[in-house]
Amino acid sequence: MLNLLQSNFALESLEKFLSSMGFAAFFSEMGWGNLVMILIAFFLLYLAIKKEYEPMLMMTIAFGMLLTNLPGAGLFHEELFAGGHVHWGEFAHGAGLLDYLYLGVKLGIYPCLIFVGVGAMTDFGPLIANPKSFLLGAAAQVGIFATFLAAYAMGFTPEQAGSIGIIGGADGPTAIFLTARLAPELLGPIAVAAYSYMALVPVIQPPIMRALTTKKERQIKMSTLRQVSKKERILFPIVIASIISLILPDAAPLIGCLMLGNLMKESGVVDRLSKTVQNELMNIVVIFLGLTVGATATANAFLNPSTIKIMVMGVVAFGVASACGVLFAKLMNCFLKEGNKINPLIGSAGVSAVPMAARVSQKVGQEENPSNFLLMHAMGPNVAGVVGSAVAAGLLLSFLG
Amino acid sequence: MTNFLAVTWGWNEMIWCTVISIALVFAVLVLLVFVMKLFGVILAQKPERKLAKVAEKPISDEQLHEEQIAAITAALKLYKSALHDRESEVLTIQSLKRAYSPWNSKIHGLTQLPDRK
């Protein structure tokens, strides 16, 4: 009995257990950082659940952020991907669940699979009916390159600046695809910025659209789009994928997958595949992508002045992209005949964010003229923006990758 | 071929990269505009042209005589009056399962009616 009381075993065991607890790690050197990140994750979960800000990805990103910042859980190890490379040899020595899942981001698999689903859900009809929309999709990409320069001026490296600029493309998978290759250390903040601002499109865009257009311009009614034949719909993805991939091989993974999904939908002969990529495949990949991108937002990577700069640059990118779209639509009107003029409000839809940006054009247009239906017209630049941002990403990759 | 990784990036390179990239984005998408316009000309207008051709062709007197018109009209009348005399007794209403899409979403509708309770 005496021996039992004199033994330090119980005390030592208890001490060992207490020090192994996650709570203890909060009092270590970078422990406060983990605590702050957990609070940020809670806030993002609130935005996803209560405010429904892009909940599909925001919720999984926030939960990935929460898991990776729980001290001691060991779900994600930054050091396995240090220096922008996958250290395969280290994987055998205790890689966590999220490390394995992150390989899909690192190798550029998830964004492409998501693009297959996006392609199957996208109707390119308005773009085929009005090919001029491609120009508005191109104009909105100027925001990417303006931010590229601005980020460089703020002290980021060219690779990091390119990844920050792509936020202006308002296309989550493209932003993740490019950042994972050019600046993986910024993946967490860039993904959070991209998806946050995509959810805030209805807040960011309308003031810019109103400021750059007159009441008369906002009231322009556009002529009805022509019918698009099935043959055109089927040939569109085949031709676009071939042309863009031949011109820009770096954009081939994204454009190829986008057009594959669209061909599945439009051909009408692989209905089962089309439904699968739109639902099951897309949902599964969204879970993996969100969780692992969130997992990269560790305290070390996220809690630094760069994150604040990225958040600021993200708004600039979105704003400039929207403004360029609207201004280019106005410029196009100078060369179009009366009756063929386009409503400049559809220009802002050139920043991907499908179909949110097109809905914003419709809403702002109807505020001026309730009988004006711009939605289908805005869908043209909107889907052209997806193609445009993939092309821009391919270009940045070919220059900086 | 220039190895861009070997280039030391400064403001000159950044500005050139930006200008070339913007020009290339426009060039690629302008090319696509022309390709799609060509599509429209080749594929979309074909049926219209065919219809226009048929419409433009004048009907010659030899093609239809009054008796023939009367016979066709009478045949059509008889056919239409005979139609639906006997129902097939098969229900032809099909239930359609529509896959979800933001376009048919009532939650995301643009003209939501106020929810009066």
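Please read these numbers as outputs of a predicted model, since none were measured by experiment. The figures here come from the full heavy-atom set of this structure, side chains too, leaving out hydrogens, waters and symmetry mates.
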Kindly indicate, with the supporting measurements, whether the criterion side chain to side chain donor-acceptor pair (under 3.5 Å) is fulfilled by A/Ser163 and A/Gln160.
-> CA-CA 5 Å; A/Ser163 304; A/Gln160 290 174 333; over 6 Å; no
Assess whether side-chain contact (heavy atoms from CB on, under 4.5 Å) is satisfied between A/Leu331 and A/Phe328, documenting all intermediate values.
-> CA-CA 5 Å; A/Leu331 180 72; A/Phe328 197 81; 4.0 Å; yes
Going through the distances and angles, do A/Lys231 and A/Glu266 end up as a salt bridge (charged side-chain N to carboxylate O under 4.0 Å, His left out)?
-> CA-CA 9 Å; A/Lys231 217 181 267 180; A/Glu266 298 299 354; over 6 Å; no
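Of the two parts of A/Ile243, only the side chain, counted from C-beta on, holds a non-hydrogen atom closer than 4.5 Å to a non-hydrogen atom of chain B. Only the side chain of A/Met379 comes within less than 4.5 Å of a heavy atom of chain B; its backbone N, CA, C and O stay farther away. Only the side chain of A/Ile247 comes within contact range of chain B, with heavy atoms under 4.5 Å apart. Looking at B/Val35, only its side chain comes within 4.5 Å of chain A, counting heavy atoms on both sides.
Considering only heavy atoms from C-beta on, A/Phe148 comes within 4.5 Å of A/Leu400 through its side chain.
Looking only at heavy-atom pairs under 4.5 Å with chain B, the residue among A/Ala153, A/Ala146, A/Ala384, A/Ser133 that has the most is A/Ala153. When the candidates B/Ile22, B/Ile20, B/Ile15 are compared by the number of heavy-atom contacts under 4.5 Å with chain A, B/Ile22 comes out ahead. For chain B, the option among A/Ile244, A/Leu235, A/Asn130, A/Leu396 with the highest count of heavy-atom pairs below 4.5 Å is A/Leu235.
Residues of residues 273-281 of chain A lying under 4.5 angstrom from chain B, judged on non-hydrogen atoms, do not exist here.
The pair A/Lys265-A/Asp271 fails the salt-bridge criterion, with no side-chain N (NZ, NE, NH1 or NH2) lying under 4.0 Å from an Asp/Glu carboxylate O. Using a cutoff of 4.0 Å between basic side-chain nitrogens and carboxylate oxygens, A/Lys363 and A/Glu368 are not scored as salt-bridged.
For A/Tyr152 and B/Trp9, the gap between ring centers reaches or exceeds 6.0 Å.
Side-chain atoms of A/Asn382 come within 3.5 Å of backbone N or O of A/Ala349 as a donor-acceptor pair. Not one N or O on the side chain of A/Gln141 forms a donor-acceptor pair closer than 3.5 Å with the backbone of A/Ala392.
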